[in-house]
Amino acid sequence: MNNLLDVIFSTDFAFSVLRVTTPILFAALGALISNRAGIVNIGLEGIMLVAALTGVIASAYTGSAWIGLLAAVIAGLIITSILAYFTLHFKTNIILGGIAVNMFASGGTVFILYLVSGDKGASTSLKSEVLPSIAIPFIKDIPVLGPILSGHNVLTYAALIATVGVYYMLKKTPLGLRIRSVGENYHAAQSVGVRVNRIQFIALLYSGFFAALGGAYMSMGYLSIFTRDMTAGRGWIGIAAEAVGRSTTVGTFIASMLFGAADALANALQILKIPTELIATTPYVTTVIGLIVYAVAESRWKKRKKTKHSLKKVQ
């Protein structure tokens, strides 16, 4: 037990939390933007998988991690565009469309990997490139803080910067105002001339962009290969983090960090003699608990709101 506490209260564990939070945070930011526009992107998991595979293949054939990242983002945007087109133009159900994307990505990525490399389940024969890590000047030399904040993959810092960018975009820009107005009152926004379908399409593209970055990080930062279903539910956890964060940027960031800490804790628990299968459930159990807490808090808030409304009527 003491060994576990030593691991948890160490700079390595804090470093690990930021590292494993990165893909969850990207997915959560994607879920946040689409949800604020009033449209739920259930296909985040599939978009991440497609981007992860595309990044590995592109970087292996070009010898450039940056081209691999660009290809991963383009692939994610293409999948998202198809989902958005069918949802907004043909009015298909977004939930069913997202599930279709996830199912296609789960099996399709394995099939494409086999066609390209002959590998089954893991891209062992592809020499894929890895995105660089960055040692931050001055900060890296600060005791405690340096080992935690410095030396991360470039996409980890991109996720943190993106959080600030999304907050600013939603709060301070005309596009953010339109996204929020469409999500809060679809018909009212439409009545004042806002092109609702266009705004939702843009929001979905943003969502796919962030999911693609999360997928690229999984195969070109967190690991250096692609493996079957390697996202392991992180797209779904990102959706849960956005819900627990009550669709706010700050809340979503905090919830993502909590889920990331649970994932890092699962890795730390391996030093104890606990069955691996049980340890692997830690992030998902944490997600379920988080959603239960969110549901209870939301129910109580609605009851208080209803009570206040009733009291006003009586008065």
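What you see is a predicted model; the values in this text were computed from it and never measured.
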Q.
Measuring from atom CG of L25 to atom OG1 of T156, what distance do you get when rounded to the nearest 0.5 angstrom?
A. 9.5 Å

Q) If every non-hydrogen atom of G251 is compared with every non-hydrogen atom of T248, which pair is closest and at what distance? A) N-OG1, 3.1 Å

Q. Above 12 or not: heavy atoms from other molecules or residues under 6.0 Å from NZ of K91?
A. yes

Q: Verify the neighbour count for atom CZ of R198: are there more than 12 heavy atoms of other residues, nucleotides or ligands below 6.0 Å?
A: no

Q | Inter-residue atom distance M103.CE - E45.CD, 0.5 Å rounding | A | 13.5 Å

Q.
Does either side chain, that of S247 or that of E242, offer a donor lying less than 3.5 Å from an acceptor on the other one?
A. yes

**Q.** Shortest non-hydrogen contact from A216 toward A72
**A.** CB-CB, 3.9 Å

(Q) Let me confirm one number: the CZ-CG distance from R228 to D119, rounded to the nearest 0.5 Å. (A) 14.0 Å

Q. At their closest point, which heavy atom of G208 faces which heavy atom of L77, and how far apart are they?
A. C-CD2, 4.5 Å

**Q.** Residue pair V20, F259: steps toward the side-chain contact (heavy atoms from CB on, under 4.5 Å) verdict
**A.** CA-CA 9 Å; V20 300; F259 288 133; over 6 Å; no

Q) Is it true that atom OH of Y167 has more than 12 heavy atoms of other residues, nucleotides or ligands lying nearer than 6.0 Å? A) no

Q: Measure from NZ or CZ of R234 to the centre of the six-membered ring of Y222 and say whether it is under 6.0 Å with the direction within 45° of the ring axis.
A: yes

Q.
Give me the atom names and distance for the closest heavy-atom approach of I47 to A212.
A. CG2-N, 4.1 Å

**Q.** Pair S10, D12: side-chain N/O donor-acceptor within cut-off below 3.5 Å
**A.** no

(Q) If you apply the rule side-chain contact (heavy atoms from CB on, under 4.5 Å), what do you find for R36 with Y206, and how did you get there? (A) CA-CA 12 Å; R36 292 304 294 266; Y206 268 112; over 6 Å; no

Q: Please lay out, stage by stage, how N153 and R19 fare under the test side-chain contact (heavy atoms from CB on, under 4.5 Å).
A: CA-CA 8 Å; N153 186 273; R19 181 171 175 264; over 6 Å; no

Q) Would you find a donor on one side and an acceptor on the other, under 3.5 Å apart, between the side chain of T227 and the backbone of A122? A) no

Q | Chi angles and distances behind the side-chain contact (heavy atoms from CB on, under 4.5 Å) call for L175, I199 | A | CA-CA 8 Å; L175 175 60; I199 295 301; 4.1 Å; yes

Q) Can you tell me how far OG1 of T80 sits from CZ of F209, rounded to the nearest 0.5 angstrom? A) 11.0 Å

Q | F90 and F86 aromatic ring geometry - parallel, tilted or perpendicular at 30°/60° bounds | A | tilted

Q. Using 30° and 60° as the class limits, which term best fits the ring planes of H152 and F15: parallel, tilted or perpendicular?
A. parallel

